[in-house]
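As the structure lists them, so they are numbered: ligands from 1, and atoms in each ligand from 1. Just so it is clear, the structure is predicted and the values come from calculations on it, not from any experiment.
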Amino acid sequence: MLWIVVNVFVLVLCFSLFHWKGKAIGVLKLLKRGERKVRVEMESTLKEINGGSVLDLDDKAGVGGGVEDVYGEDRASENQPITPWTVTVASGYSLLRDPHHNKGLAFTEKERDAHYLTGLLPPVVLSQELQEKKLMQNLRQYTVPLQRYMAMMDLQERNEKLFYKLLIDHVEELLPYVYTPTVGEACQKYGSIFSRPQGLYISLKEKGRVLEVLKNWPEKSIQVIVVTDGERILGLGDQGCQGMGIPVGKLSLYTALGGVRPSACLPITIDVGTNNKKLLEDEFYIGLRQNRATGQEYAELLEEFMSAVKQNYGEKILIQFEDFANHNAFDLLAKYRTTHLVFNDDIQGTASVVLAGIVAALRELGGTLADHTFLFLGAGEAGTGIAELIALEISKKTSIPVEDTRKKIWLVDSKGLIVSSRKESLQHFKKPWAHEHEPVKELLDAVKVIKPTVLIGTSGVGKTFTKEVVEAMASINEKPLILSLSNPTSQSECTAEEAYTWTEGRAIFASGSPFDPVEYNGKVYVPGQANNAYIFPGLGLGLIMSGTVRVHDDMLLEASEALAAQVSEENYAKGLIYPPFTNIRKISANIAARVAAKAYELGLASRLPRPKDLVKFAESCMYTPVYNSYR
Ligand SMILES: NC(=O)C1=CN([C@@H]2O[C@H](COP(=O)(O)OP(=O)(O)OC[C@H]3O[C@@H](n4cnc5c(N)ncnc54)[C@H](OP(=O)(O)O)[C@@H]3O)[C@@H](O)[C@H]2O)C=CC1
Ligand SMILES: CC(=O)C(=O)O
Ligand SMILES: [Mg+2]
């Protein structure tokens with residue numbers, strides 16, 4: 001009997017144990033599943049915004065520092081499931097040749113052992129900081145800007161994280177080499193200095209198979225494309241296929257200034273030929289050796305490109321149009337802004353940055369925007385884009401219809417002041433600015449009759465703000481605001497030194513390409529850089545992190561206000577109307593947050609739920625160039 005009781009007891013015990021073990025396993029499984037689900041969700045969020053890293057499970061660099069686009073590399077398509085536990089690490093020689101993962105002499109002994117690097121590197125192990133110090137020393141020894149550009153491009157191709165570390169840590173010093181003015185010269189000589197492709201080339205030859213070409217790009221989870229057709233590269237005109245330097249440069253800034261991960265950025269040049277005779281005759285020219293295709297042939301290639309991009313990367317891919325000539329730029333923007341997430345940087349990004357500078361300058365100038373009179377030299381993309389955003393902002397602030405707020409904004413093009421009697425021959429984007437006035441041929445005369453408080457150069461032609469023009473501004477205004485926006489430096493309407501000396505130090509001045517501080521009458525004047533580089537990285541980050549599907553003008557106004565709000569007392573004291581680029585990542589996070597907030601308000605943001613603190617969220621999404629450790 002006892003034996004039976006004991007057996008029953010043992011059986012019950014076993015059953016219970018089995019039962020509870022089952023339950024425990026179930027619970028463990030559930031926990032694991034839950035954990036995995038949370039992890040997949042989190043990783044998916046990271047991946048979409050910034051890429052998620054599983055390379056380095058010991059990474060202590062935080063969200064930004066720990067993320068790297070491993071999924072993007074592992075997944076063949078956007079629809080393939082995310083597997084955060086799948087790790088693919090190149091090893092040995094190929095690891096050293098992979099710019100995303102290469103750390104050069106910074107690979108530790110353990111990493112060298114584990115990844116078949118022993119013997120492939122000399123014995124020394126350097127910290128990233130020491131590598132940075134060495135490279136900066138080397139870079140500073142080059143006296144020719146183009147050499148510095150090439151050294152930086154070379155570094156980007158070799159060790160991407162070190163490239164971005166240098167650029168972020170020395171942004172003021174290095175921006176002029178990876179961006180304007182040097183990038184302009186690089187485009188002009190791109191054929192001669194070309195060593196490795198840095199972006200995707202889509203030429204007329206690929207018509208009918210653009211999607212196929214897109215699929216050749218090695219990175220799959222692209223979030224932003226900067227595309228040009230090379231027809232209006234800075235103020236240097238048609239550079240054809242060699243305009244590639246611009247999307248490459250702009251996207252480096254997306255990462256360094258805006259924190260978008262490098263592997264999510266795709267530079268594209270659409271090659272429809274060039275009308276630049278010099279290039280066509282240049283034996284080293286890298287593009288199609290033919291005149292530009294126009295009309296239907298051009299439109300069809302662009303249409304195929306735009307739909308292929310959407311098909312390949314989905315609805316939320318951001319496309320930035322850059323340096324298209326104005327006869328295409330306005331039409332492309334009008335056509336695709338309703339169907340794609342696009343903006344034109346030269347029209348809209350520039351408008352936002354210039355409006356910010358003017359708003360910031362009001363503190364010194366006095367009055368409101370509506371109290372001022374604006375005169376532009378140049379009535380193309382930048383000129384009319386800025387003019388329209390100023391008019392819109394005044395209209396929003398005063399409730400005066402935009403048709404009326406435009407009336408205090410005047411533009412001069414190559415034929416003189418835009419006035420209504422010229423209306424018939426005007427391109428459509430100039431028509432809103434054709435006010436009633438007698439014809440005026442010269443800028444100087446226009447300054448004298450219009451009496452602007454703000455003079456803005458967007459002509460692409462250097463030295464057009466002559467001494468007489470600047471002096472005329474100084475005779476009308478106690479503090480003339482003069483913006484020479486044309487790039488590169490050679491095309492600037494006037495130099496900083498000219499602006500300060502010709503106005504006896506009274507001008508508030510900023511330029512598209514950087515100028516050094518100027519000493520005049522014992523005082524140092526620091527010119528600001530009025531360049532869309534302040535806006536597009538933060539704007540782009542805001543759009544991407546909120547999953548926004550369309551760009552709205554109100555977002556540009558938000559970006560502008562966010563930038564203007566970053567100008568500090570200390571900056572004003574130096575005569576600046578823009579904050580220094582040293583703070584650009586903080587500025588970009590603020591811009592991104594304001595843009596995203598507006599997108600949520602307008603119902604255009606698809607990422608739900610809306611993060612509570614958008615600035616913090618933006619910061620947490622940012623790529624940082626800290627090395628991963630490889631196990
Ligand atoms: N700082 C920044 O962030 C930015 C700067 N830019 C710079 O602005 C410049 C212009 O760019 P964008 O607006 O796109 O170019 P566009 O070609 O669209 O416009 C140029 C305008 O300047 C006019 N123009 C040309 N020569 C003269 C002249 N001698 N006198 C008066 N007007 C003239 C043209 O007149 P017409 O119409 O009669 O031909 C046209 O209206 C470039 O140098 C570019 O680098 C552009 C974007 C951003
Ligand atoms: C800055 C810029 O976008 C331009 O000059 O075209
Ligand atoms: Mg541009």
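For Ala382, a nitrogen or oxygen atom sits less than 3.5 Å from a nitrogen or oxygen atom of ligand 1, counting backbone and side chain alike. Considering backbone and side-chain atoms alike, Ser414 places an N or O below 3.5 Å from some N or O of ligand 1. Close N/O approach between Asp346 and ligand 1 is not found [any backbone or side-chain N/O within under 3.5 Å]. On a distance-only criterion, Gln491 and ligand 1 share no N/O pair closer than 3.5 Å. At under 3.5 Å, a nitrogen or oxygen of Ala379, whether backbone or side chain, sits near a nitrogen or oxygen of ligand 1. Ligand 1 has no N or O atom lying under 3.5 Å from any N or O atom of Val353, backbone or side chain. Taking only nitrogen or oxygen atoms, main chain and side chain alike, Ala530 reaches within less than 3.5 Å of ligand 1.
For the residues Glu493, Lys463, Arg232, Glu231, the heavy atom positioned nearest atom 15 (O) of ligand 1 is part of Arg232.
His340 is linked by a ring-ring contact (aromatic ring centres under 6.0 Å, His included) to Tyr336, counting only residues two or more places apart in sequence or in another chain.
With a 6.0 Å cutoff to the six-membered ring centre and a 45° limit on the axis angle, Arg363 counts as a cation-pi contact of Tyr572.
Neighbouring protein atoms of the Mg ion (ligand 3) (N, O or S, distance under 2.8 Å, waters ignored): Glu322 OE2, Asp323 OD1, Asp346 OD1.
For atom 5 (O) of ligand 2, the nearest non-hydrogen atom of the protein is Asn487 ND2, 2.8 Å.
Between Phe324 and ligand 2 there is no heavy-atom distance shorter than 4.0 Å.
Ligand 1 places these atoms under 4.0 Å from at least one heavy atom of Lys430: 36 (P), 37 (O), 38 (O).
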Apply the test salt bridge (charged side-chain N to carboxylate O under 4.0 Å, His left out) to residues Arg232 and Asp238: give CA-CA distance (whole Å), side-chain angles for both, the deciding distance (0.1 Å), then the verdict. CA-CA 5 Å; Arg232 195 286 278 142; Asp238 188 348; over 6 Å; no
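Residue Gln491 does not touch ligand 2, judged by heavy-atom distances below 4.0 Å.
Side chain to side chain, Lys250 and Tyr179 meet the donor-acceptor criterion of an N or O pair below 3.5 Å.
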